[in-house]
Amino acid sequence: MVKKNACVFISGSGTNLKALLKSSREYNFPININYIISNTKKAKGLSLAKLYNIPFCVLDLNKIINLEFFLKEIHRRKISLICLAGYMKILNKNFINKINKKIVNIHPSLLPKYKGLNTFNKVLKNKEKLTGCTVHYVNKKLDSGKIILKKKVVIESNDNEETLKTKVQTKEYRAYSESIISIFR
Ligand code: GRF
């Protein structure tokens, strides 16, 4: 299979990146990750870039000069898809306008409910019975682009933020890979 090249954006631990890297090693998975961007050099996930020998860069993409550099890089590296995986910086309108590629994100709630941060805390406070994760396209409004796939998680009475995070993230890993397969099907 001829794989498309993809760039993954991270800010933190990079467990979704790890799952995507694992999937990308499979023969039938449609993407190959050939570039990693972080907005901070403190992102633990950058160790995966080193481990897998994937080029990476720490960049604030809301700065014009960095955006121009990145545009050249995605052209040079023939990147067709950008995957946000725990990327904590909001991409500005200029970035969205200039990147003529599909951008997808994974969010830890059943969108359109609970956009933004602290989703586990919010669902628990609202005594929800169900939560989950959503993979969606990125547009100019936060967590509002077209939904690709959702996976549900049942909230038990003894769940707390930590247990919920573990349950939701475990679903995220499969959700992200399945979404990417569906995009290129
Ligand atoms: C995930 O829960 C994702 O839904 C959210 O940020 C978290 C990233 O975790 N956008 P990791 O860096 O992939 O471990």
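Read the numbers this way: they start at 1 and go in the same order the structure lists the ligands and their atoms. Small disclaimer: the values here were computed from a predicted structure and weren't measured.
- Between I106 and ligand 1, at least one N/O pair is under 3.5 Å apart.
- Between F9 and I82, the closest side-chain pair of non-hydrogen atoms falls below 4.5 Å.
- Closest to atom 14 (O) of ligand 1 among all protein heavy atoms lies T15 OG1, 2.5 Å.
- One N or O on the side chain of D143 and one on the backbone of G116 form a donor-acceptor pair closer than 3.5 Å.
- Put simply, the side chain of I36 reaches to within 4.5 Å of the side chain of L17, judged on heavy atoms.
- Close approach to P108 involves these atoms of ligand 1, each under 4.0 Å from a residue heavy atom: 4 (O), 5 (C).
- The shell of residues lying under 4.0 angstrom from ligand 1, judged by heavy atoms, excludes C133.
- The protein atom (non-hydrogen) at minimum distance from atom 6 (O) of ligand 1 is G86 CA, 3.4 Å.
- Compare N16, L84, T134 by their heavy atoms: the one nearest to atom 13 (O) of ligand 1 is in N16.
- The shortest contact between atom 1 (C) of ligand 1 and any protein heavy atom is with E172 OE1, 3.1 Å.
- Between N105 and ligand 1, no N or O atom pair is found at a separation short of 3.5 Å.
- Of the possible donor and acceptor atoms, one in the side chain of H107 sits under 3.5 Å from a partner among the backbone N and O of Y114.
- Under the 3.5 Å distance criterion, with hydrogens and angles disregarded, no donor-acceptor pair is assigned to the side chains of S24 and N32.
- F70 and F95 have parallel rings, their planes meeting at less than 30° on a 0 to 90° scale where 60° marks the start of perpendicular.
- Residue, atom and distance of the protein heavy atom nearest to atom 2 (O) of ligand 1 are Q169 NE2, 2.9 Å.
- In this structure, K3 places its NZ atom where more than 12 heavy-atom neighbours from other residues, nucleotides or ligands lie under 6.0 Å away.
- Judged by distance alone, the side chain of S47 and the main-chain N or O of K44 form a donor-acceptor pair under 3.5 Å.
- Remark: ligand 1 and G14 share an N or O pair separated by less than 3.5 Å (distance only, no angle test).
- For M88, no heavy-atom contact with ligand 1 is shorter than 4.0 Å.
- Residue contacts with ligand 1, taken as heavy atom pairs separated by less than 4.0 Å, do not involve K165 at all.
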